[in-house]
Amino acid sequence: MKDQILVTGGAGYIGSHTTVELQNAGYEVIVVDNLSNSNENVIDGIEKITGIRPAFELADCTDFDKMKEIFGKYKNIKGIIHFAASKAVGESVQKPLLYYRNNIVSLLNLLELMPQFGVKGFVFSSSCTVYGQPDILPVTENAPIKEALSPYGNTKQIDEEIIRDTIYSGTSYKSIILRYFNPIGAHPSTEIGELPNGVPQNLIPFLTQTAMGIRQELSVFGDDYSTPDGSCIRDYIYVVDLAKAHVKALDRMLTDKSEKNLEYFNLGTGRGLSVLELINTFEKATGVKVPYKIVGRREGDIEQVWADPTFSNEVLGWTAEETIENTLRTAWEWQVKLRERGIM
Ligand code: NAD
Ligand code: WQD
C-alpha cells in the first residue's frame, strides 16, 4: 500500500503543484480543501497532468470533527503538508480575527489529530515574512525573527512557535518548517497555475494581467529605496521547484534521514531581483511589453530580502533549478491559457 499524504489546501496555488510532484514521486495524495480560495476544477487539472486523480475531501480544517472523520477514513496517512491558510496580507489587517482563527485553529486540529493516527511527518508552510527586513543578507535560517508587520505574518510566527513547543513536548512525529520566499510561475502544462480572486495583490499575477490588457498598467510601489535601481528586491522562486522541495522534506522525515525532530529550511534561489529588473526580464523573455508607472511605496513592504539556500541545498538535498526567464514564461503562458479558456 502506498504511503498516503494529506495535503491541506491542495487545491490552492502551491498545494496543487505540490500534489503533482507527490504523485510523480509515488505517493498517494488526499487533498483537503474548503475551496475558499480555489476551485475543484484544479483537481481536474492535476489529473490531466499526472493521470491520477487525487482523493478530494471538501472540508474546513478548522472543523475538528470533520477532520477526525477524514483521518479515520484513510488508513495509511503517513505525512501531512499543511498549506491551508488565509494568506492575503492586506486582508489580514482588515480581518485579523478571521486570520487568527483560520490559520491557528486549523493547525491545532492537525497537531491534535496526528498522534491518534500514526502520522510520521508534518510539513508546515511558512514564509520569509517571519524575518521581516533582515539585518544581514542573504538571509539564513538562523536569522532572528522580527516583529510581524501584519496579522497574517503574525499567524505564521505563532504557528511556528506552536509547532516548536509541541515537538519539544515529545511527539510521535517529526516536523519540517519550510519558509518560502516569493513563489511565482505555473506548471509547464498550463493545466494549473496561480488564479487569485479579484484584483491581484502579488506582483506577478498583476503583471501578467497587465501584459494581457486586463489591467491598464502596473504600479511599481516605489523607486526610492536604498537598492541599485530604487525598487524593492525579492527572491522569486519557481513554484514547481518549490513543490519539489516538499517531496524532499517528506522523504527526509518518512525515511528518518535526520535525527532532529524539527528542522527549518529557507526555500529560495539565493538570487535577488528588483521589481524593475523583473519587469525587464519578463519583457525580454516573452517579447510582451508591460506598461507601468512608478507610484508611492506600499505600506508594510520591506526593502530587500533574498535567501541563502545553502542549508536547503546541502542538508535537504534540494536546489531551485529553473531560470527566472523560463519561470516568467510559464506565468505568461498560463495567463494566455486563461484567456483562451475565457476565464479572464
Ligand atoms: P492559496 O490560497 O492558493 O491556497 C490555500 C488553499 O487553502 C486554498 O485552496 C484555500 O481554499 C484553502 N484553505 C484556506 N483555508 C482553509 C481551511 N480552513 N480549510 C481548508 N482549506 C482551506 O495559497 P498559496 O499561495 O498556495 O499558499 C499556500 C500556503 O503557503 C499558505 O499557508 C501560505 O500562507 C503559504 N505561503 C504562500 C506564499 C505565496 O507567496 N503564495 C508565500 C509564503 C507562504
Ligand atoms: C513583490 C514586490 C512590491 C505588486 C507577499 C507577502 C508574503 C508572501 C508573498 C504569503 C514588492 C512589488 C507588488 C504590485 C509592485 N505571501 N509590487 N506592484 O510583498 O514580497 O510578499 O507575498 O505568504 O507573505 O508579504 O510579494 O508579490 O506582493 O510584492 O510594485 O502591483 O513587488 O512592492 O516589492 P511580497 P508581492
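In each ligand, atom 1 is the first atom listed, and ligand 1 is the first ligand listed. Index from 1, following the sequence. Everything numeric here is computed off the predicted structure, so don't read it as measured data.
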Contact (N/O only, under 3.5 Å) between Ser36 and ligand 1
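Yes; the residue has a nitrogen or oxygen that sits under 3.5 Å from a nitrogen or oxygen of the ligand.
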
Could an N or O of ligand 1 be found under 3.5 Å from any N or O of Ala84, whether backbone or side chain?
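By distance alone, the answer is no.
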
Would you verify whether the NZ or CZ of Arg179 falls within 45 degrees of the ring axis of Phe265 while also being under 6.0 Å from that six-membered ring's centre?
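No.
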
Can you figure out which of [options] has its heavy atom closest to [atom]?
atom	options	result
atom 19 (N) of ligand 1	Cys61, Gly12, Pro196	Cys61
atom 5 (C) of ligand 2	Asn202, Asp301, Ile233	Asn202
atom 8 (C) of ligand 2	Pro205, Ser92, Ser127	Ser127
atom 2 (C) of ligand 2	Tyr236, Tyr152, Tyr292, Phe221	Tyr236
atom 5 (C) of ligand 1	Ser86, Ala85, Ser106	Ala85

Report, as yes or no, whether the 6.0 Å neighbourhood of atom NZ on Lys120 holds more than 12 heavy atoms from other residues, nucleotides or ligands.
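More than 12 heavy atoms, drawn from other residues, nucleotides or ligands, come within 6.0 Å of this atom.
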
Interfacing atoms of ligand 1 (cut-off 4.0 Å, heavy-atom, Pro183)
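Those qualifying, in numeric order: 39 (C), 40 (O), 42 (C).
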
Carboxylate-amine/guanidinium proximity below 4.0 Å for Arg341 and Glu191
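Answer for the salt bridge query: yes.
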
Distance to 0.1 Å, residue and atom name: give those for the protein heavy atom nearest to atom 28 (O) of ligand 2.
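Closest protein heavy atom to atom 28 (O) of ligand 2: Arg298 NH2, 2.9 Å.
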
Are His246 and Tyr180 close enough, and set up right, to give a ring pair (Phe, Tyr, Trp, His ring centres under 6.0 Å), and what steps lead you there?
CA-CA 11 Å; His246 292 74; Tyr180 314 155; 5.3 Å; yes

Test item, Ser126 contacting ligand 1 (heavy atom, 4.0 angstrom)
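Flag set, Ser126 near ligand 1.
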
Contact between Asn182 and ligand 1, counting heavy atoms under 4.0 Å?
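No, Asn182 has no heavy atom closer than 4.0 Å to ligand 1.
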
